[in-house]
Amino acid sequence: MKKLNKEELKGFLDEKALFYEQPKFIETDPIQIPHLYTKKEDIEISGFLTATISWGNRKSILKNAHRLMLLLDNSPHDFIINHTKNDLLSFDGFVHRTFNSTDLTYFITALHHIYIKYGDMETFFKAFKKENNFQLAIHHFKKDFFSLPHLSRTEKHVSDPLKNSAAKRIHMFLRWMIRGAKGGVDFGLWKSLSTSQLSCPLDVHSGNVARKLGLLKRKQNDGKALLELDKRLRELDPKDPVKYDYALFGLGVFEKF
């Protein structure tokens with residue numbers, strides 16, 4: 001593919017973003033799990049837990065995310081608020097790659113803490129948002145989320161952008177919650193937060209495509225690379241830079257670009 005100037009690149013990516021941001025995208029994507037629900041808190045919780053285990057084989061992700069919802073009686077918010085210690089025993093044997101029943105038990109306990117303290121997850125992220133992005137808010141979220149007694153191993157399942165992590169999974173979760181529902185994929189639930197602050201969920205697919213298109217020079221998919229990509233995508237669309245996640249991901253996964 002020949003090198004595109006800025007105007008040509010924007011046109012190409014706008015077209016691809018529009019093509020992939022369609023309801024059919026949900027069929028093979030982890031976002032199908034929160035789409036099972038209509039209550040705001042159920043969407044938040046199922047989305048956060050699904051995003052947390054969204055790495056590896058997609059079929060395995062979907063299988064385990066559906067199983068996880070069954071363990072929460074298909075009522076995530078009610079389970080988070082009202083569960084007893086005995087209810088957590090049903091988690092024994094749950095595992096997705098390195099995320100196991102011990103991690104899940106803590107996540108449920110921590111989510112209970114977050115919902116009792118803040119009412120919902122939107123309120124937390126609103127309290128710590130910065131003007132340009134959610135890096136600081138994610139850092140504070142992790143700090144509060146792990147403020148209860150826990151095994152240190154569990155902390156690896158929530159990344160910290162201030163420690164140079166791209167934090168792909170939590171940025172994906174934020175995209176789900178904040179971007180508008182016009183395309184039929186994201187939810188647009190968190191009205192108090194701006195789409196302009198979102199960052200692209202940077203992974204091997206979006207990173208490779210971004211490099212081929214000249215949007216990214218840094219070789220590692222880390223926090224510094226994310227900030228570099230953020231800057232370029234905001235130049236193409238300051239109000240909705242993360243819409244290009246659809247283009248970059250689609251080009252990489254479906255078109256083998």
Side-chain angles (χ1 to χ4, degrees), residues 26 29-56 58-127 137-138 140-159 169-178 181 186-193:
I26 298 170
D29 195 79
I31 200 173
Q32 69 179 253
I33 304 299
H35 271 285
L36 296 171
Y37 303 100
T38 55
K39 179 180 173 183
K40 176 184 177 181
E41 293 82 1
D42 285 340
I43 295 170
E44 286 181 348
I45 294 166
S46 63
F48 176 69
L49 292 174
T50 298
T52 297
I53 65 168
S54 288
W55 85 101
R58 299 186 100 201
K59 288 184 178 179
S60 178
I61 293 168
L62 295 175
K63 177 184 176 182
N64 288 325
H66 279 289
R67 182 184 173 200
L68 181 47
M69 294 305 107
L70 284 174
L71 291 173
L72 301 182
D73 299 328
N74 281 316
S75 298
H77 183 240
D78 182 66
F79 190 97
I80 292 294
I81 298 300
N82 299 309
H83 72 273
T84 65
K85 286 187 177 180
N86 284 338
D87 292 328
L88 301 179
L89 296 177
S90 64
F91 296 167
D92 284 354
F94 180 85
V95 62
H96 176 79
R97 297 177 72 89
T98 63
F99 187 88
N100 62 23
S101 58
T102 300
D103 303 317
L104 177 56
T105 297
Y106 181 78
F107 266 61
I108 299 305
T109 303
L111 283 169
H112 176 85
H113 161 73
I114 294 292
Y115 275 83
I116 294 300
K117 185 174 180 180
Y118 296 99
D120 60 18
M121 296 181 79
E122 177 183 5
T123 300
F124 183 95
F125 280 93
K126 181 181 178 182
I138 295 171
H140 283 292
F141 174 78
K142 178 169 185 174
K143 189 175 180 181
D144 204 336
F145 193 78
F146 288 107
S147 62
L148 306 175
H150 63 279
L151 296 178
S152 59
R153 70 175 304 283
T154 302
E155 292 190 21
K156 67 184 176 183
H157 296 296
V158 178
S159 299
R169 287 171 284 166
I170 199 160
H171 279 302
M172 182 175 69
F173 165 69
L174 292 173
R175 192 206 84 201
W176 292 354
M177 297 301 106
I178 297 170
D186 296 316
F187 290 93
L189 275 181
W190 294 1
K191 307 296 185 185
S192 65
L193 295 166

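Keep in mind that what you see is a predicted model, and the values were worked out from it rather than measured.
The closest side-chain heavy-atom distance from Met69 to Pro76 is below 4.5 Å. Side-chain atoms of Thr50 and Trp176, non-hydrogen and from C-beta on, do get closer than 4.5 Å to each other. Ile43 places a side-chain heavy atom less than 4.5 Å from the side chain of Met177. Contact check for Tyr115 versus Glu44: side-chain heavy atoms found under the 4.5 Å cut-off. Counting heavy atoms from C-beta on, the side chains of Asn64 and Phe99 never come closer than 4.5 Å.
Between His83 and Phe79, the ring planes are parallel. Angles under 30° get that label, and only those over 60° would be called perpendicular. Taking the six-membered ring for Trp and thresholds of 30 and 60 degrees, Phe48 and Phe107 have nearly parallel ring planes, at less than 30 degrees apart. In this pair, Phe146 and Tyr106 present their aromatic rings parallel. The plane angle is below 30°, not in the 30 to 60° band.
The only member of Trp190, Phe141, Phe187 that meets ring pair (Phe, Tyr, Trp, His ring centres under 6.0 Å) when paired with Phe173 is Trp190.
Between the side chain of Lys142 and the backbone N or O of Glu155 there is at least one donor-acceptor pair closer than 3.5 Å. In this structure a side-chain-to-backbone donor-acceptor pair under 3.5 Å is present from Asn100 to Thr102. Looking at Thr109, its side chain does come within 3.5 Å of a backbone N or O of Thr105 through a donor-acceptor pair. The main-chain N or O of His77 is found under 3.5 Å from a side-chain atom of Asp42 such that the two form a donor-acceptor pair. Side chain of His140 to main chain of Phe124: no donor-acceptor pair is present (N/O by atom type, distance under 3.5 Å, no hydrogens or angles). A distance-only check finds a donor-acceptor pair linking the side chain of His96 to the backbone of Ile53 [under 3.5 Å]. Side-chain atoms of Arg169 do not come within 3.5 Å of backbone N or O of Ser159 as any donor-acceptor pair.
Taking all atoms of both residues into account, the shortest heavy-atom contact from Ile80 to Ile45 is CG1-CD1, 3.7 Å. Of all heavy-atom pairs spanning Ile61 and Gly56, the tightest one is CD1-O, 3.7 Å.
Residues satisfying the side-chain hydrogen bond (donor to acceptor under 3.5 Å, both in side chains) criterion with Thr38, sequence neighbours excluded, are absent altogether.
For an aromatic pair to be called close, the ring centres must be under 6.0 Å apart, and Phe145 with His113 fails this.
No more than 12 heavy atoms of other residues, nucleotides or ligands lie within 6.0 Å of NZ in Lys59, so this atom counts as exposed by the packing criterion.
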